[in-house]
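Just so it is clear, the model here is predicted, and its values are computed rather than measured. Just so it is clear, the values below take in all heavy atoms, side chains as well, and ignore hydrogens, waters and symmetry mates. Convention: sequence-line order gives letters A, B, ...; per-chain numbering from 1.
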Amino acid sequence: MDFSLNEEQELFRSAVRKYLKDLGGTGTARATIRGDDEPARAAASGLAEMGINAIPVPEQQDGLGLGALDLVPVFEETGRVLLPGLQLETLALAVPLITNYGTEEQKKRWLPLAASGESAFSVAWYETGRSLFPETFACTATRIDNRYELSGVKTLVPVTGSPDLFIVGAEAPGGTSLFLVEASEAASVRPLSCLDETQLPAELSFRNAHAELLGEPGKGQDMLREALLHFNTALVSGMVGGMDELVKITAEYAKIRVQFNQPIGRFQAIKHRIVDMKLDLETARSLSHYAAWAVETGADDRIAAVHSARSFASRAYIKAAGDSIQIHGGIGFTEELDCHLYLKRARYWDHYFGSVRDSRKAAAGSLGWHARQTADAAPVS
Amino acid sequence: MDFSLNEEQELFRSAVRKYLKDLGGTGTARATIRGDDEPARAAASGLAEMGINAIPVPEQQDGLGLGALDLVPVFEETGRVLLPGLQLETLALAVPLITNYGTEEQKKRWLPLAASGESAFSVAWYETGRSLFPETFACTATRIDNRYELSGVKTLVPVTGSPDLFIVGAEAPGGTSLFLVEASEAASVRPLSCLDETQLPAELSFRNAHAELLGEPGKGQDMLREALLHFNTALVSGMVGGMDELVKITAEYAKIRVQFNQPIGRFQAIKHRIVDMKLDLETARSLSHYAAWAVETGADDRIAAVHSARSFASRAYIKAAGDSIQIHGGIGFTEELDCHLYLKRARYWDHYFGSVRDSRKAAAGSLGWHARQTADAAPVS
Amino acid sequence: MDFTLTKKEEAFRDELRSWLSVNLPEGWLEGKRTLPESKEAYSRFLRDWQRKLYEGGWAAISWPEAYGGRNATLMEEIIYHQEMVRVKSPPLVNYVGIHMVAPTLMQMGTDQQKEAYIENILTGNHVWSQGYSEPNAGSDLTAIETAAVKKDGRWIINGQKVWTSFAHLADRCFLLARTGQSGKKHEGITVFLLDMNQEGVETRPITQMDGREEFNEVYLTDAIAHDEDIVGEEGKGWSVLIALMLHERSGIAAEVFTLEQQFEEVAEMARTLTSDGKPIIEDPFIEDGLADLYARISGARLNYYRNITHTLKNGKPGPESSLDKLLVSELGKELFDFAMTIQGHAGVLAGGDAPFDGAMQHQYLASFGATIGGGTSEVQRNTIGERILGLPKDLGR
Amino acid sequence: MDFTLTKKEEAFRDELRSWLSVNLPEGWLEGKRTLPESKEAYSRFLRDWQRKLYEGGWAAISWPEAYGGRNATLMEEIIYHQEMVRVKSPPLVNYVGIHMVAPTLMQMGTDQQKEAYIENILTGNHVWSQGYSEPNAGSDLTAIETAAVKKDGRWIINGQKVWTSFAHLADRCFLLARTGQSGKKHEGITVFLLDMNQEGVETRPITQMDGREEFNEVYLTDAIAHDEDIVGEEGKGWSVLIALMLHERSGIAAEVFTLEQQFEEVAEMARTLTSDGKPIIEDPFIEDGLADLYARISGARLNYYRNITHTLKNGKPGPESSLDKLLVSELGKELFDFAMTIQGHAGVLAGGDAPFDGAMQHQYLASFGATIGGGTSEVQRNTIGERILGLPKDLGR
């Protein structure tokens, strides 16, 4: 039994953490909020130089061919400082999609760019008024000879970090399918105001955009669901990183802030609330690490593992951020402290490609709870 | 604006409270648990002599013709001492049903017996394996000339306090209907073990039992739903009474129990938890009193009022009882203290003729939330 | 039990309603409710509204008629709050003056103070701010460090105040300062009526996490006050604070009614927003959560009614009124957490890109302030535990 | 990261499994697991089981081989707990002797004590109880009042113990008594190895709210012990307690695995119970609640694995292990609250009339004890706050 990250992974974490700390911690996120993307861009390059982009990319495409566990420390540390950028979308969603479903040519073209950090990718999936997995999309792709032309409007597409490529969901002959569309093909990009100002979601419109089919037609939802196991694992690492920092700053504050002649951490209302944050953090961390292991090893319970981590961490992160504000009191309600940045990020991530309810449903389904049994008792309800 | 019980109601409360206290408080319930029904029987007679049974019965049938608000103090006080008996079923379910839907003859026959306390009534509705409002019952009533014969098995029928009459739900030509069946008509009465040992639920079987139709055939569920507004109002009063006592005994204990050289009520973990019990108690009380007012005056929002009170108080009572055990520590886990009696009663009542979910659904339906509006915005979910 | 209004109360409400329909800023009732952005225009807008209220006789209804009020009953006061919430009236820039300073001066001010301030408060000539909290004295006001020292017949005041509402618009400040160090911590505190328009007073806005700047830091550097600016006795400021709190008879009426209104807006959203063509209220989890909030928010409102009934019968508020603040502020947080959640990923949008113009997002963020300001939920729970339930006093109290 | 067992661990597990399949009481594995009702028969049953474990070499696997143990590794110990939970083995009547008294005596007992007790513990000849808590010393053991006074070369002990498990079956008691009043409250406490079979010791069962009588009150009236019955030094009992706690390396393995098993039983119920012909798991609220519990109970189990990994790597448990008790006991309460709720009104039935023979009802009631016994959740939270997060010490500590 060894339920821990290995030494290499922990060493890599230390390096990433130190690098991001030296860049000013959440200062990079605050620059993005002020409209200055340069620090986030520089951080992305620096991280790529450290090799984080190569982690999930197969060796044939200039990557390291490593698994989900190796990304855990990376996303915990970028989550800790709320780093803006497309690392999550590129490395944990687009790369698994292209790796698993792309043609040799598509892999050869795009994956080396991801591995080196030269390109960032994004996913244009959501449409206004539609759920995450709607029966159909309004956005359509028409086949013309050997190519596809894609038209329609996508919303909530992350464009911070200047993606070169979008993976777009659209209706095509055969059903909902995935397409590779280069950024230059977008007819318009309208930035949307966002609660989490470190994010830059946009409304994208396409008019007869040149689109390449990714994987089989009609399998768009299945492919996305599978790739979301990678995505959710990485996302939860980001949440754990944020929660870890929240517990740290909140406990520190409770030790030094004095009211009624006592450090407030002496009051059980404060102390026990921080303990509950810590319990949630450790539970989220355990679930998160196990999810990464399950994804990496293809364990039987990987769907339940990933979605348990996601559903738990989603709410726990929101709660931890809210509690950190309360414990900091007035100053916690100011723009000056970071608490609210974590709250806003926690909300941004809460429904990002799935809700708590979605994850619970997925876990239940994967565990076979709905396979009918012989009823051996019958209650009144 | 006057949101309070009137002076008479409060005086009556004091009288009932004193009477039940003099009988030994929860001692009556403990006697029932030991198998000695006599104290509960005596208490029922005594309360009837004080006139509580006459409250909801119309004046024409020897009652006082009073409303739901007048029953509030009664059920708060019987709830406070966990009095075993059929007061709730008789006065808040059977009497409203007979009053609203009975023939003149039925009223004349049964209501004076209820008003005087000579008879107690019970309701035989549940069937094993069926929900509260199933599509059909297995129990059937067949019309033979001018009378009905009823056959089938009912479960979870309260028989503590020796009911003389059951109101029985059964399938009949026209659909689910209600019937009056005298207790002597039951073919068998099999007592069921119960978590709340102050209760005596039983499985009743009928074989061609003589049954009188109550109200219109096929309207059984509608009639019950309407009568349950009275029932739930009274039930919630019982919950409020129990919670009030729990807050009292728990706060008292926290003042005198010393650990770490401090009365434990000085620790915020204890203090704030009792405060939360108190908040829940006051909210439940406010909702309960308003529900009684709404039922008594036929207010537009009476369904939402009653079901809001029920859904809130149901969970709050369970929580208060559990918290009282925790705060009492080891001694709270013993049979000797009353905490667990309240917990078991709270559980007994939690699903009694409806669940929290049922109540929330009923409230939502009655408030018209499902009436379609023009969609003026459309989100991604 | 009776929830109806008397004829007199109805007449009062109707009079107010018709006055509001004529006098609210143009387009206000129809939803054009944006306040000016620049400090000057914002200040002018609020002062104009304060003035209008004064001219209509609606600025200080609970004051005695002798001072220009209406001697309103408690029920009228409650109706007033209810109506103001209903029309989402502009903020009352002189809230502190009208509800705190003037009633205190009426009770314990000198004739000179009454003369100098009360009418100016009523007309809105003087806008007041409240100088209580300090960086190291938030929940624990006895820890204030701002010091007033007497020198050459004048009080020289140094220190820092924080969370001072409307300070950037205010002419005067109801200021707590330490004039002595002796004995218990709440001794030696004095209330000053401080002129904000002097060199030693500097005001800096605090940017909140919801982007607004409603509060300020106030730096006092050799600010000056005089003996005649002291309310009550020197060193007895704590008893002034207590007297001031006892004036509060309508409790948190505005917050209660606001919460009720906010619930209706969230319910409206749940009924109108659609996902895949279906109103989201058809999701049983959303229906269930909304019904739960309905029950608890109704409960909070009804608690408030019970407390008001108690006040009406006993002439003064019972200790139960302290439950209201805790419940209402915590429920507000839950309500908007729910409102955020049910919007799905679209809930992360803000402003004009978000459903309902981002009102939910904004109120969600703002809701975190309500369980901190005016006494944190932790302090409220202590108060309830100790004052209502008689539990032992906490550490350090 | 690696969750597989080594070959050696697998062999250990298989050996235990095959031993259990032969040696468990007849019908046990098939579900015939009722224990005798009468005290005598119950006692005999448990002692027989203890004896069988001893004979099979499974009574004290983590003891050194020299004392008759297997010198088991931590992983083997965990596997042992896992297997015992899997087969729902009968309770270990001499738990206190094997896991607490003997390891303590091995470390700090006199040769005479080792000689007199260790083998008798292993064979089950001596069943031990633990005499810690008192009516006024529950969460705060430093408050014990039971006093041992030396007189004519003997210790005369008076007082009352409570929550003494298996005391009615025990021969000996590991007893805390006060032998001095000086200095700090944890000073002057002495550990005695008390003979229960003497006139001055009276045992009365405590009836729990779940109807069971697992614990006892023990009244000590001039009970007698001798100098050679003292463990460690007189007045230094507190350090004996601490040494004893440090022996605990597998933490709450049994509770963790039991919770996991209980979850599976609740899930099984949700899949098999029907309402109106449909399995209740088809209710989305039940599905959702069960998935939530699955996540959190998995999380608790995984936390435990992380802590065990830490112990394996560092040779001793990290402070994080104190989280396990809190999480597992609180989750048990939630799990059975859920199990009660989803049964609808039928959930109020008990025993043979209830679904699953009333197992859920019984475990629901029992779950309330787990957040109290062995340190309340409140005390656990203090410990975590202070030891892991470094927050300031509480009142009275």
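- Ser355(B) places a side-chain N or O within 3.5 Å of a backbone atom of Asp358(B) that can act as its donor or acceptor partner.
- With a 4.5 Å cut-off on non-hydrogen atoms, Arg315(B) touches chain D through its side chain but not through its backbone.
- Only the side chain of Phe285(D) comes within contact range of chain B, judged by heavy atoms closer than 4.5 Å.
- Taken from NE2 in His328(B) to CG in Asp338(B), the straight-line distance is 9.0 Å, to the nearest 0.5 Å.
- Here Gly369(D) is the residue among Gly369(D), Ser377(D), Gly373(D), Gly358(D) with the most heavy-atom pairs under 4.5 Å with chain B.
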Would Asp337(D) and Lys333(D) count as a salt bridge (charged side-chain N to carboxylate O under 4.0 Å, His left out) if you check the C-alpha gap in whole Å, the side-chain angles of each, and the deciding distance to 0.1 Å? CA-CA 6 Å; Asp337(D) 176 80; Lys333(D) 260 161 95 163; over 6 Å; no
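- In terms of non-hydrogen atom pairs under 4.5 Å with chain B, the most contact-rich of Ala143(D), Gly352(D), Gly211(D), Ala137(D) is Ala137(D).
- Your options are Cys339(B), Gly329(B), Gly354(B), and the one with the most heavy-atom pairs under 4.5 Å with chain D is Gly329(B).
- Checked against a 6.0 Å centroid threshold, the rings of Phe137(B) and Trp125(B) count as neighbours.
- With a 4.5 Å cut-off on side-chain heavy atoms, Thr136(B) and Thr176(B) do not count as touching.
- The residue among Arg381(D), Gln361(D), Glu378(D) with the most heavy atom pairs within less than 4.5 Å of chain B is Glu378(D).
- No part of Thr142(D) comes within reach of chain B, as not one of its non-hydrogen atoms sits under 4.5 angstrom from that chain.
- Side-chain contact between Pro134(B) and Gln221(B) is present, with at least one heavy-atom pair separated by less than 4.5 Å.
- Residue with the most contacts toward chain D among Glu335(B), Arg357(B), His340(B), Arg347(B): Arg347(B) (heavy-atom pairs, distance under 4.5 Å).
- Judged by distance alone, the side chain of Ser311(B) and the main-chain N or O of Ser308(B) form a donor-acceptor pair under 3.5 Å.
- If you measure heavy-atom distances from Thr334(B) to chain D, the contacts under 4.5 Å come from both the backbone and the side chain.
- Of the atoms belonging to Ile318(B), it is side-chain heavy atoms, and not backbone ones, that fall under 4.5 Å from chain D.
- If you measure heavy-atom distances from Leu343(B) to chain D, the contacts under 4.5 Å come from the side chain alone.
- With rounding to the nearest 0.5 Å, the separation of CZ in Phe215(D) from CZ in Phe333(B) is 7.5 Å.
- Options Gln259(B), Arg190(B), Glu336(B) differ in how many heavy-atom pairs under 4.5 Å they form with chain D, and the most are formed by Gln259(B).
- Atoms CD and CD, from Gln262(D) and Glu255(D) in turn, are 10.0 Å apart once rounded to the nearest 0.5 Å.
- Most heavy-atom pairs under 4.5 Å with chain B: of the set Thr371(D), Ile206(D), Asp210(D), this distinction falls to Thr371(D).
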